[in-house]
Amino acid sequence: MKVEIDSFSGFRIYPSKGKLFVRGDSKVFRFASSKNSSLFLQRKNPRKIAWTQVYRRMHKKGITEEVAKKRSRRTVKHQRGIVGADLAAIAAKRNQTAAVRSQQRLAAITKAKSEKKEKEVKKAKPAGRSSAPSGPKVSKQQMKGGKGGR
């Protein structure tokens with residue numbers, strides 16, 4: 001026994017029941033009742049009519065057995081080194097005490113200050129040699145020749 005499916009409502013149509021509608025482009029539509037065929041010919045959307053199977057499927061109605069929810073995978077956190085510091089160095093820094101960290105900071109600050117002083121001393125020596133200009137001030141334009149010999 002071949003059971004057909006209603007083109008509009010999705011209901012089953014048993015043999016010798018229902019209507020067959022063949023459109024101009026020779027597509028076949030089967031309807032269980034005149035109600036279904038009438039709504040189809042009015043161009044109603046079965047997804048918006050509450051009693052059709054399409055509507056019920058869309059709105060998750062009448063699903064008897066609850067499907068177990070998909071288990072999402074837990075993200076696993078990994079420790080890895082970054083540029084300039086390998087994993088061992090990072091772990092060592094994490095395990096340091098606050099006192100050691102503050103000592104290192106002070107040492108770095110004093111080192112940076114001493115380097116800065118040395119740079120300033122080196123800069124001051126070369127700048128002291130030429131204090132007076134050697135002649136009249138001439139701009140770059142004048143040196144090139146001014147306005148093209150006019």
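Heads up: numbering here begins at 1 and tracks the sequence.
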Exercise. Kindly determine whether F21 and L41 satisfy side chain to side chain contact (heavy atoms under 4.5 Å, CB included), including the steps that lead there.
Key: CA-CA 10 Å; F21 173 71; L41 293 170; 3.9 Å; yes

Quiz item: Taking all atoms of both residues into account, what is the closest heavy-atom pair of R47 and H59, and its distance?
Solution: O-CE1, 4.1 Å

Quiz prompt | ILVMFWY network linking F40 to F11, side-chain heavy atoms under 4.5 angstrom | solution = yes

Quiz item: Are side-chain N/O atoms of S38 and Q42 paired as donor and acceptor at under 3.5 Å?
Solution: yes

Practice problem: Check whether any side-chain heavy atom of L20 sits under 4.5 Å from a side-chain heavy atom of V28, and report yes or no. | Solution: yes

Exercise. Might you point out which heavy atoms bring I49 and Y55 nearest each other, and give the distance in Å?
Key: O-CB, 3.1 Å

Quiz item: Taking atom CZ of R57 and atom OG1 of T52, what is their separation to the nearest 0.5 Å?
Solution: 9.0 Å

Self-check item: CD on Q53 to CE on M58, rounded to 0.5 Å
Solution: 14.0 Å

Exercise. Mark yes or no: K27 above the aromatic ring of F29, with NZ or CZ under 6.0 Å from the six-membered ring centre and no more than 45 degrees from the axis.
Key: yes

Quiz item: Cluster partners of V54, using ILVMFWY side-chain heavy atoms under 4.5 angstrom, listed by chain and number?
Solution: none

Quiz item: Could K2 and E4 be called an ion pair, given the rule that one side-chain N must be under 4.0 Å from one carboxylate O?
Solution: yes

Quiz item: Taking all atoms of both residues into account, what is the closest heavy-atom pair of S37 and S34, and its distance?
Solution: OG-O, 2.9 Å

Quiz prompt | Spatial distance of atom OG (S114) from atom NZ (K119) [nearest 0.5 Å] | solution = 11.5 Å

Quiz item: Between Q96 and Q104, is any pair of side-chain heavy atoms under 4.5 Å apart?
Solution: yes

Quiz prompt | Non-hydrogen side-chain atoms of K116 and E120 separated by less than 4.5 Å | solution = yes

Self-check item: Exam field: side chain R12 to backbone D6, donor-acceptor pair closer than 3.5 Å
Solution: no

Quiz prompt | All pairs passing side-chain hydrogen bond (donor to acceptor under 3.5 Å, both in side chains) where residues 15-24 contributes a residue, at least two apart | solution = R23-D25

Self-check item: Reported CD1-to-CZ distance for the pair I5 and R30, which is rounded to 0.5 angstrom
Solution: 10.5 Å

Quiz item: So which heavy atom on N36 is nearest to which on S9, and how close?
Solution: ND2-OG, 3.2 Å

Self-check item: Whether W51 and F8 hold their rings parallel, tilted or perpendicular, with breakpoints at 30° and 60°
Solution: tilted

Practice problem: Indicate yes or no: at least one non-hydrogen side-chain atom of I90 is less than 4.5 angstrom from one of I82. | Solution: yes

